[in-house]
Amino acid sequence: MKMSINRRQISRRSILAGAAALGLTGTLAACGGSDDDSGGSDSGPVKLTYWSWAPNMEKVAAIWNKKNPDITVTVSKQASGGEIVSKLITAKKAGNAPDLIQVEYQSLPTLVSNDVLADITKYAGDTKSQFAEGLWGMVTLGTDALYAIPQDAGPLMFYYREDLFKKHGLSVPKTWTEFAETARAARKAVPDAYLTTFSSNDPGLFAGLAQQAGGKWWTVGSGGKWTVGIDDAATKQVAEFWGGLVQEGVIDNQPMYTPAWNNALNKGTHLAWVSAVWAPGVLVSSAPDTKGKWRMAPLPQWKSGENVTGSWGGSSTGVSTDSKHAEAAAKFATWLNTDPEALAALVKEVAIYPAATKGQSGDVLTTPEFFSNQADFYTTAGQIAATTAAAAWGPNVNTAYTTFQDAFGKASKAKKEAQFDSALATVQAKTFADMKKQGFEVTEA
């Protein structure tokens, strides 16, 4: 699987190059100790703080604390998304960032560029072997450094109403060409329904679809020069595909996570949903009347015979450069995300789908109640997760996502394929301009 950034050419310093961006001064460019993180061997009692937004994470930490009285971890509940990123950057500037951090994959480049995350390679051992290559690439950024341990994964899948597909003679699509054919057939069979919707308020889903197609939105060279390629050929293919279906009128153009969307799922006027492994939990509240009527299958492929998926969501556990106990912190991060007892607790208490391959099977992963007709749900999910492509995130994901919601919101409302294409160009232009303004050395693909 091809990585998004050349591992042989890029160093940690090239990730940090230009990091006057996002409020930093020239201190990172002269970063003397960042490549060789402090916090060697820890002796005596150690107290660590872990910033996490996940519910019940303190219950998992309690298991560790009971077994490791010399290394105590205290979980500090935080908000997720951009709020925790901003708070971490502020804490780093003040020199008091927490020891451990829950980090969404797309936020890693921003935090690395701001020198928030330590390189924990020397503490990782053979941890790499416990994760799919694509997931591992998200925490290394394609470099020889390691900025976090993968925690949970969000592989994309195709969810569909098995009962309605059988009733209307619809085929489960194996390719995106077949997906379009199924969308047309569904619209013809049930005129008041759609196969699914294009949601302009969910850039993370679109990013995952682009990831599957081979999109590389951000890459960085050995000299620290970034390339922004959000409008690359792979992503254009995705945008034009969905724009074409919206213009044709065979795919809805309404945003997800609204009362109207919930109603469409619950009443069966949306017959399918492209989503991630965590979708069953959403269906419980969004479509309560459809229990036992859904089934999951691999994401359609761009070419027949291919076997690759993208991801939507997921997070990791990193160690901050401010931690005085990096080795102890890395030890906990590794235990949390690879130890069988910890993985079981993450599933049971935190309700996540573990990134570690050995956590993606076993009795603790009971078949979701909405998929009582698919006993092999997690077996299939594990097979799909193993095919996750490496994502190519950059230091200003928030700018790209905000621009996406505005530009694609207008395009989907207009129902014009050409506007989907121009919306993508707008995301590219504004993301590139923002990086340049922030002080990064940057070019366009």
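The structure displayed is predicted, hence computed values, not measured ones. By convention here, the first residue in the shown sequence is residue 1.
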Glu83, CD: over 12 other non-hydrogen atoms inside 6.0 angstrom =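 Atom CD in Glu83 is not packed in, count stays at 12 or less.
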Interatomic distance, [X] atom [atom1] to [Y] atom [atom2] [nearest 0.5 angstrom]:
X	Y	atom1	atom2	answer
Thr334	Ile149	OG1	CD1	4.0 Å
Lys77	Asn56	NZ	CG	7.0 Å
Asp339	Phe332	CG	CZ	11.0 Å
Thr74	Trp51	OG1	CH2	14.0 Å
Ile384	Thr309	CD1	OG1	6.5 Å
Leu209	Leu299	CG	CG	6.5 Å

Just by distance, do the side chain of [X] and the backbone of [Y] share a donor-acceptor pair under 3.5 Å?
X	Y	value
Asn68	Trp64	yes
Gln211	Ala389	yes
Asn201	Met256	yes
Thr443	Thr227	no
Thr196	Ala272	yes
Ser285	Val282	yes
Ser107	Val103	no
Ser199	Pro255	no
Thr121	Leu146	yes
Gln151	Thr317	no

Any heavy-atom pair between the side chains of [Y] and [X] that's under 4.5 Å?
X	Y	answer
Leu283	Trp273	yes
Leu195	Ile251	yes
Pro395	Phe440	yes
Phe420	Val246	yes
Met157	Pro155	yes
Met138	Thr388	yes
Lys92	Asp322	yes
Ile120	Glu327	no

Grab the two heavy atoms, one from [X] and one from [Y], that are nearest each other, plus how far apart they are.
X	Y	value
Ala333	Leu100	CB-CD2, 4.1 Å
Val427	Ala400	CG1-O, 3.7 Å
Thr357	Ala132	CG2-N, 4.0 Å
Phe198	Ser412	CD2-CB, 4.1 Å
Pro69	Thr72	O-OG1, 3.7 Å
Asp252	Thr197	O-OG1, 3.1 Å

Residue of the set [options] for which ring pair (Phe, Tyr, Trp, His ring centres under 6.0 Å) holds with [X]:
X	options	result
Phe371	Tyr159, Tyr378, Trp294	Tyr159
Phe206	Trp312, Phe404, Phe241	Phe404
Phe179	Trp302, Tyr160, Trp242	Trp242

No-hydrogen, no-angle side-chain donor-acceptor test under 3.5 Å, Thr235 and Trp217 |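 Short answer, yes.
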Quick one: do Tyr353 and Val277 satisfy side chain to side chain contact (heavy atoms under 4.5 Å, CB included)? Show the steps, please.
-> CA-CA 7 Å; Tyr353 182 70; Val277 68; 3.7 Å; yes
Identify the residue among Val397, Thr402, Thr403 that makes a side chain to side chain contact (heavy atoms under 4.5 Å, CB included) with Thr399.
->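 With Thr399 as partner, side chain to side chain contact (heavy atoms under 4.5 Å, CB included) holds for just one option, Thr403.
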With salt bridge (Lys or Arg N to Asp or Glu O under 4.0 Å) as the rule and sequence neighbours excluded, what pairs involving [range] come up?
range	result
residues 232-244	none
residues 397-422	Asp406-Lys410
residues 351-365	none

Please name all residues satisfying salt bridge (Lys or Arg N to Asp or Glu O under 4.0 Å) with Lys67, sequence neighbours left out, ordered by chain then number.
->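 With sequence neighbours excluded, Lys67 shows a salt bridge (Lys or Arg N to Asp or Glu O under 4.0 Å) to Glu341, given in chain and number order.
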Of all residues at least two apart in sequence or in a different chain, which pass the side chain to side chain donor-acceptor pair (under 3.5 Å) check with Lys87?
->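 If we apply the side chain to side chain donor-acceptor pair (under 3.5 Å) test to Lys87, skipping adjacent residues, the hits are Gln78.
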Sequence neighbours excluded - ring-ring contact (aromatic ring centres under 6.0 Å, His included) pairs with any residue from residues 79-110 |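 Sorted result for residues 79-110: empty, none.
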Please test Asp152 against Ser315 for side-chain hydrogen bond (donor to acceptor under 3.5 Å, both in side chains), starting from the C-alpha separation and ending with a verdict.
-> CA-CA 6 Å; Asp152 58 308; Ser315 60; 2.5 Å; yes
Start with the C-alpha gap between Gln212 and Leu156, add the side-chain angles, then the distance that decides, and say whether side chain to side chain contact (heavy atoms under 4.5 Å, CB included) holds.
-> CA-CA 9 Å; Gln212 184 215 21; Leu156 288 175; 5.8 Å; no
Given the rule in the side chain to side chain contact (heavy atoms under 4.5 Å, CB included) test, do Thr338 and Leu343 qualify, once you have shown the distances and angles that lead to the verdict?
-> CA-CA 7 Å; Thr338 63; Leu343 293 173; 5.5 Å; no
Which is it for Ile230 and Trp218 under the side chain to side chain contact (heavy atoms under 4.5 Å, CB included) test, yes or no, and what are the steps along the way?
-> CA-CA 7 Å; Ile230 294 175; Trp218 289 269; 4.3 Å; yes
